[in-house]
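This chain uses plain numbering: 1 for the first residue, then up along the sequence. Since this is a predicted model, take the numbers as computed values, not measurements.
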Amino acid sequence: MLYYLFDYFNKVLNLSGTGVFQYITFRSSLAFILSLLLSTIYGKRVIKFLQKQQVGETIRELGLEGQNEKAGTPTMGGLIIIFATLIPVLLFAKLHNIYIVLLIVTTLWMGTIGFIDDYIKIFKKDKQGLKGIFKVVGQVGLGLIVGSVLYFNPHVTVRTDTGKTDVFKVPTETVVMPAPVEEKSTATTIPFFKNNEFDYAELLAWTGEGYQKWAWIIFIPVVIFIITAVSNGANLTDGIDGLAAGTSAISVLALAIFTFVSGNIIFSNYLNIMYIPNSGEMTVFIASFAGALIGFLWYNSYPASVFMGDTGSLTIGGVIAVLAIAVRKELLIPLLCGIFLVENLSVVLQVSYFKYTKKRFGEGRRIFLMSPLHHHYQKKGYHESKIVTRFWIVAIMLAILSIVTLKLR
């Protein structure tokens, strides 16, 4: 909203200095600072409100050290992340930008699913919360919306020819250049490879001429799968104080770099990567989201004063998935969100191996002492602060390696 106000001041009233709001870097900085202040200053009031409403976490007996002390700690703290993200976005972002609209819808959609789940656990005294089938339906529904908008909306376009034009060269003579081609495409980026654009439509090339118009048959299910997988991965990672919020903040800050360079014609040309018009605006949302996550850590670090609950974890996973898909870096998710992937795999492997050995030997056996993986290390006697810090270090290394893929091919 402030963007439109200052845009009016600049273009109509011609007030000096108001043009600074045109810069994504300036608005992103303001969004980050405001979200950080909102989550730290007003987060305490939200926690007191949750305590007053007796919105306390019910702890399942897992035999983990320090587990019982966490009983009664307020949950639904994801509300802090959501509000601290959306308020700066509404103030500083271009609200007519299709990517911003998608991210706001994602935040509210996944936040609502998580809120219902937490509500059932707390007020209905049902430890299982929202049934898994309903969670999946909600995730699939969001995937359908995001996939359909990215495929059919005319404002979602890409340019893959930026490397053919030297935008830094000063012209010595008048040359008529062809207009840049912005086109609808289901192309994505394959990390670590040269000429690394891959079009999902190519998977249908065997059907014959005109196969491109049926690309949505591949693209939309891929979007659904990614959103479901990443949101569930974030949900599983949220098991000890500060783990999900910290690792997510690291991944989100890495995505900020991808969105900024992909939405900037100069940087995309220099790096010879896909240029995605209007995508740079997502940097404002990411800055706000990262500020909210870091501010939330003020209260969520060990010992936690509040838990994010599914309200926060499902929202985090959904937002990260949509950001990666929108900037055409979804194939980088296994690396960038390696912590989520490993946590997810540890559960899948544990359950699968247990069922297999029970069927074959009559007794279930385990690969890990407990899954997800962070509980395995707790069982081995590591303090959760040490586990979280080491997971953060791994997340930082994965984020740096992900950023390096911009040039390492």
Side-chain angles (χ1 to χ4, degrees), residues 97-99 101-103 106 140 142-165 167 178-230 254-255 257-265 267-282 320-337 341 402-409:
N97 182 285
I98 186 61
Y99 296 107
V101 173
L102 269 182
L103 288 168
T106 298
V140 170
L142 178 63
L144 281 171
I145 293 172
V146 173
S148 299
V149 170
L150 291 178
Y151 183 81
F152 293 107
N153 191 284
H155 299 292
V156 179
T157 57
V158 300
R159 275 185 61 190
T160 58
D161 61 343
T162 54
K164 300 177 183 178
T165 305
V167 297
V181 178
E182 295 180 6
E183 57 185 0
K184 295 292 298 179
S185 174
T186 53
T188 190
T189 304
I190 303 176
F192 299 112
F193 286 88
K194 287 186 177 181
N195 302 317
N196 58 349
E197 278 81 29
F198 167 74
D199 196 334
Y200 290 113
E202 295 298 325
L203 296 174
L204 296 174
W206 58 273
T207 60
E209 188 176 349
Y211 64 88
Q212 293 90 344
K213 66 181 179 181
W214 300 106
W216 62 271
I217 295 176
I218 301 293
F219 181 71
I220 294 178
V222 167
V223 172
I224 292 172
F225 172 77
I226 293 171
I227 289 176
T228 303
V230 178
L255 280 170
I257 295 175
F258 286 115
T259 57
F260 183 74
V261 298
S262 296
N264 185 293
I265 186 65
F267 289 116
S268 59
N269 178 84
Y270 173 72
L271 295 168
N272 192 21
I273 61 175
M274 190 185 304
Y275 170 56
I276 308 174
N278 305 313
S279 66
E281 192 66 22
M282 289 189 290
I320 289 176
V322 173
L323 283 170
I325 295 166
V327 82
R328 312 298 170 114
K329 295 293 184 291
E330 65 270 21
L331 298 184
L332 199 58
I333 287 178
L335 178 63
L336 178 62
C337 300
L341 176 64
S402 299
I403 295 169
V404 168
T405 62
L406 287 170
K407 291 300 289 183
L408 184 62
R409 304 177 192 171

Could you tell me which residues satisfy side chain to side chain donor-acceptor pair (under 3.5 Å) with [X], sequence neighbours excluded, listed by chain and number?
X: Ser279; answer: none
X: Thr405; answer: none
X: Thr228; answer: none

Closest non-hydrogen atom pair, [X] against [Y]:
X: Ala201; Y: Thr186; result: N-OG1, 3.5 Å
X: Ala254; Y: Leu336; result: CB-CD1, 3.6 Å
X: Glu330; Y: Tyr200; result: OE2-OH, 2.6 Å
X: Val156; Y: Leu150; result: CG1-O, 3.5 Å
X: Thr157; Y: Pro277; result: O-CD, 3.3 Å
X: Ser148; Y: Ile220; result: OG-CD1, 3.7 Å

Should the ring pair Trp214 and Trp216 be called parallel, tilted or perpendicular, given that the plane angle runs from 0 to 90° and is split at 30 and 60? tilted
Using a 4.5 Å cut-off on heavy atoms from C-beta on, say whether the side chain of [Y] contacts that of [X].
X: Arg159; Y: Ile265; value: yes
X: Val230; Y: Ile226; value: yes
X: Leu335; Y: Pro191; value: no
X: Leu406; Y: Tyr270; value: no
X: Ile325; Y: Ile227; value: yes

Could you tell me the separation between the [atom1] atom of [X] and the [atom2] atom of [Y], rounded to the nearest 0.5 Å?
X: Lys184; Y: Asn153; atom1: NZ; atom2: CG; answer: 6.0 Å
X: Leu204; Y: Ile218; atom1: CG; atom2: CD1; answer: 4.5 Å
X: Ser185; Y: Arg328; atom1: OG; atom2: CZ; answer: 6.0 Å
X: Tyr211; Y: Asp199; atom1: OH; atom2: CG; answer: 7.0 Å
X: Ile257; Y: Ser402; atom1: CD1; atom2: OG; answer: 10.0 Å
X: Tyr99; Y: His155; atom1: OH; atom2: NE2; answer: 11.0 Å

Main-chain N/O of [Y] paired with [X] side-chain donor or acceptor, under 3.5 Å:
X: Asn97; Y: Asn278; result: yes
X: Lys407; Y: Leu271; result: no
X: Thr189; Y: Lys329; result: no

Within 6.0 angstrom of Tyr151 OH, more than 12 heavy atoms from elsewhere: yes
Is it the case that atom CZ in Phe192 sees more than 12 heavy atoms from other parts of the structure closer than 6.0 Å? yes
